[in-house]
Amino acid sequence: MRTLLSEEQIQQAVSNMACEVVETYGDKPLTIVGVLTGSVVLLADMIRKLSMPLRVGVVQASSYRGATQRGPLVINSDLMPNIANQDVLVLDDIFDTGNTLVELLALMDQLGPTSIRTAVLLRKLGQQEVDLQPDFVGFDIPNEFVVGYGLDYQDEFRNLPYVACLEPDDLRD
Ligand code: 5GP
Ligand code: MG
C-alpha cells in the first residue's frame, strides 16, 4: 500500500472545504447529509469546522459492496432527515463515475429542498460519466483504487487517518 494523501494534507483540505462551505451559506441553517458508509470520517471532521446552525443526517448508498468491482447501486433513505425547504449539502467520500451522486440527487430533488449542493473529499480524474460536478472538492486524484479516511476495501481500512492506493498485490479479488 502506498500513501497518496497524508493525514495533514487531508486535514488541511477539509478545513479549506469547510471555509468554502461557510462562504457559500454564511449563517443560514444547513442540513448536511453524509452518504454511508464512506463519508463518516469526513462527516465527523467537517461538521466540527462548520459554524452555522447545522442538522446532520445520513443516507446509505452502496455499489461496490466490499470489493473493487461495481455492483448495482442500492439506496436506503430510511435514515434521511426531512429535507423539505432546507438548504442541503450532500457529502460523499469520492466522486468516481458520478452515478451515485446523480441518482441520490434525483431522489432528494423530489423531497422539495430549497437547494442541494455536493461536497466530496476526492474526485478521480477522467472517470466521470455524468454532467454533474461536485460543488466542493478536496483533491483530484488519479484513477487508482484508494482506501482510508472512510474508504474501504472489503470493509477494511476505513479507519486509516490517511488515504492510500492499493497495489495489485493487495487485491484479493
Ligand atoms: P461513483 O458512483 O461516483 O462511481 O462511485 C462513488 C462510490 O464508489 C463512492 O462513494 C465509493 O463508495 C465508491 N468508490 C469509487 N472509487 C473508489 C475507490 O477508489 N476506493 C473505494 N474504497 N471506493 C470507491
Ligand atoms: Mg460511498
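Atoms considered below: every heavy atom in the structure, side chains included; atoms not considered: hydrogens, waters and symmetry mates. Both ligands and their constituent atoms are indexed starting at 1 by order of listing.
- Counting atoms of ligand 1 from 1 in the listed order, those under 4.0 Å from a heavy atom of Glu144 are 19 (O).
- Under the 4.0 angstrom criterion for non-hydrogen atoms, Gln128 is not in contact with ligand 1.
- Checked by atom type, the side-chain pair Asn85/Thr114 shows no donor-acceptor distance below 3.5 Å.
- Heavy-atom proximity to Asp152, at under 4.0 Å, picks out these atoms of ligand 1: 21 (C), 22 (N).
- Considering backbone and side-chain atoms together, Leu101 places no N or O closer than 3.5 Å to any N or O of ligand 1.
- Between the side chain of Asp45 and the backbone N or O of Leu42, no donor-acceptor pair lies under 3.5 Å.
- In this structure, Asp93 has a heavy atom closer than 4.0 Å to ligand 1.
- Within a 6.0 Å sphere centred on CG of Asp27, heavy atoms belonging to other residues, nucleotides or ligands number 12 at most.
- Of all the heavy atoms of Asp92, the ones lying under 4.0 Å from any atom of ligand 1 belong exclusively to the side chain.
- Aromatic ring pairs are classed by plane angle as parallel below 30°, tilted from 30° to 60° and perpendicular above 60°; the pair Phe145 and Tyr153 is perpendicular.
- Within the 4.0 Å heavy-atom criterion, neither part of Leu73 lies near ligand 1.
- Atom CZ of residue Phe157 and atom CG of residue Asp152 lie 9.5 Å apart, to the nearest 0.5 angstrom.
- At least one N or O atom of Lys124, backbone or side chain, sits closer than 3.5 Å to an N or O atom of ligand 1.
- With no hydrogens or angles considered, a side-chain donor-acceptor pair links Arg123 and Gln133 at under 3.5 Å.
- Remark: ligand 1 and Val146 share an N or O pair separated by less than 3.5 Å (distance only, no angle test).
- By the 4.0 Å heavy-atom criterion, Phe145 is counted among the residues contacting ligand 1.
- Partners of Val56 according to the side-chain contact (heavy atoms from CB on, under 4.5 Å) rule, which considers only residues two or more places apart in sequence or in another chain, are Ile32, Leu43, Ile47, Leu54.
- Here Met80 pairs with Val33, Val59, Ser77, Leu107, Met108, Leu111 under the side-chain contact (heavy atoms from CB on, under 4.5 Å) rule; sequence neighbours left out.
- Within the structure, the closest approach of Gly98 to ligand 1 falls below 4.0 Å when heavy atoms are considered.
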